[in-house]
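Numbers here are sequence positions counted from 1. Just so you know, ligand 1 is whichever comes first in the structure, and atom 1 is the first atom listed for that ligand.
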Amino acid sequence: MAKNKKIYLDHAATTPVDQAVLKEMLPYFSEKYGNAMSVHSFGQEALKAVDTARTQVAQFFGAKPSEIIFTSGATESNNLSINGVLKSYYSKFHPVKSAKDGVKQFNGVKIKPHIITTAFEHHCVLDACRASERDGLAEVTFLKPDRDGLISVKEVEKSIKSNTILISIMYVNNEIGTIQPIEKIGKMIKKKNAERNDFSSFPIIFHTDATQAINYFDCNIGKLNVDLLSMSAHKIYGPKGIGVLFIKNGTPIKKIQDGGDQEYKMRAGTHNVPGIVGLGKAIEEVKSQKSKVENIVSLRDYLIKRVLKEIPKTILNGSKHKRSPNNANFSFADVEGEGLLLSLDMEGIACSTGSACSSGALSPSHVLLAIGLKPEQAHGSLRITLGKHTTKQEIDVAISKIKSVVERLRKISGNVLKDFYTKK
Ligand code: PMP
């Protein structure tokens, strides 16, 4: 490793585009630039590329190509899932025009639909659910994960009500990397749907945000028993601004954006052809790289072991065993996360505190609060996420920098407190 080379340990925020992916994408910017909806040869060339990528993605998930919808990323896929299912519910039960409060008629009975999600979802899921609650369109249960960052199948089952129409639970948490039992939850929902009679004309739809799972976990949708699954290409060494929503055939969902007839009329807007091509190639690469996971796991375990042993008053956030191969999330007592992050950045180490999307704000991570950390513990957190190119040498450098920065920041915060008390 060259001296002063920066070390990137923030792969849950985004990943670099693979060279092989970039190579596939390049011709689609200025040579093969047709609009995939155009009938002429330029358009047909672009459409062929979109269809190839759709097949690649479908094969990865064990789905049909017609079940793959290209979106701008997981944020859009998650919003489409929640709002699209709600829209379908309301269109199905022909809302009474006068119902201002979102309470609609169903078999003569006024029923507001119920959504179940978790308190530590990505903000795009949480906020879409909160908005539906605020607008009076749904009632929402936000399940609390346990101290290890896990959601139990039993808890989900206990929360199901006769008016539950949607359950949205993330596969892998983006901050603490914990893995949720999606397959088991899916099986339980399937059973519930089979038994359902009072609300049988609208089944419980199961959605998972699999954005952080694609690189490492089985995403066969038949096995997972999901109806909807979201992802973003830039987390798997593909380009930014492109993602997928898997929609199982027959799922009651309506488009939420008006415009053209793209994507089986489910997502209007000109296809991002280079992005789609890149996504297809990136997902192919994931298939061929699953064998590298063992190396990442052993590096992560080495990092966790050394940090916990060598830096006092440090805890690991999230289950030690049921966590993503690339994730380590620590809380250092008496240290402020933002200070830690900035000091490490000056030392050439890039990681994150809370999620990248919320690190502009100083509020403690909602994920860490949800698993029961005190606000001051949540403030002193650091997320380190490894990638397929991370080396042991990089981890060694990072550990030594984290040690010295934590020590220095603790001294400062100790002195600040000492000054504060002696001046009083
Ligand atoms: N869900 C999860 C679990 C994520 O990690 C992210 C990215 N931080 C998103 C959704 C949103 O992805 P994007 O910004 O690509 O839309």
Distance under 6.0 Å and angle within 45° of the ring axis: does K313 meet both against F332?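 No, K313 does not sit over the ring of F332.
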
Per-pair distances, 0.1 Å, donor-acceptor, side chain in residues 25-32, under 3.5 Å, sequence neighbours excluded:
none

Would you please name every residue forming a side-chain hydrogen bond (donor to acceptor under 3.5 Å, both in side chains) with N78, sequence neighbours left out?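 Once residues adjacent in sequence are excluded, the partners of N78 under the side-chain hydrogen bond (donor to acceptor under 3.5 Å, both in side chains) criterion are H207, D209, S230.
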
May I ask you to identify, for E76, whether its side chain, its backbone, both or neither come under 4.0 Å of ligand 1 on a heavy-atom basis? neither

Which part of T75 is near ligand 1, with near meaning a heavy atom under 4.0 Å away: side chain, backbone, both or neither? both

Using a 4.5 Å cut-off on heavy atoms from C-beta on, say whether the side chain of V335 contacts that of R410.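 Sidechains of V335 and R410: in contact.
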
Identified side-chain hydrogen bond (donor to acceptor under 3.5 Å, both in side chains) counterpart of Y302 within the set R306, K305, R300: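 Single pass found, and it is R306.
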
Give the numbers and elements of all ligand 1 atoms closer than 4.0 Å to a heavy atom of S232. 12 (O), 13 (P), 15 (O), 16 (O)

So if I count the atoms of ligand 1 from 1 in the order they appear, which ones are less than 4.0 Å from some heavy atom of M170? 3 (C)

Could you check whether any heavy atom of K235 sits closer than 4.0 Å to an atom of ligand 1, since that is the contact criterion I want to use?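 Yes; K235 lies near enough to ligand 1 that a heavy-atom distance drops under 4.0 Å.
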
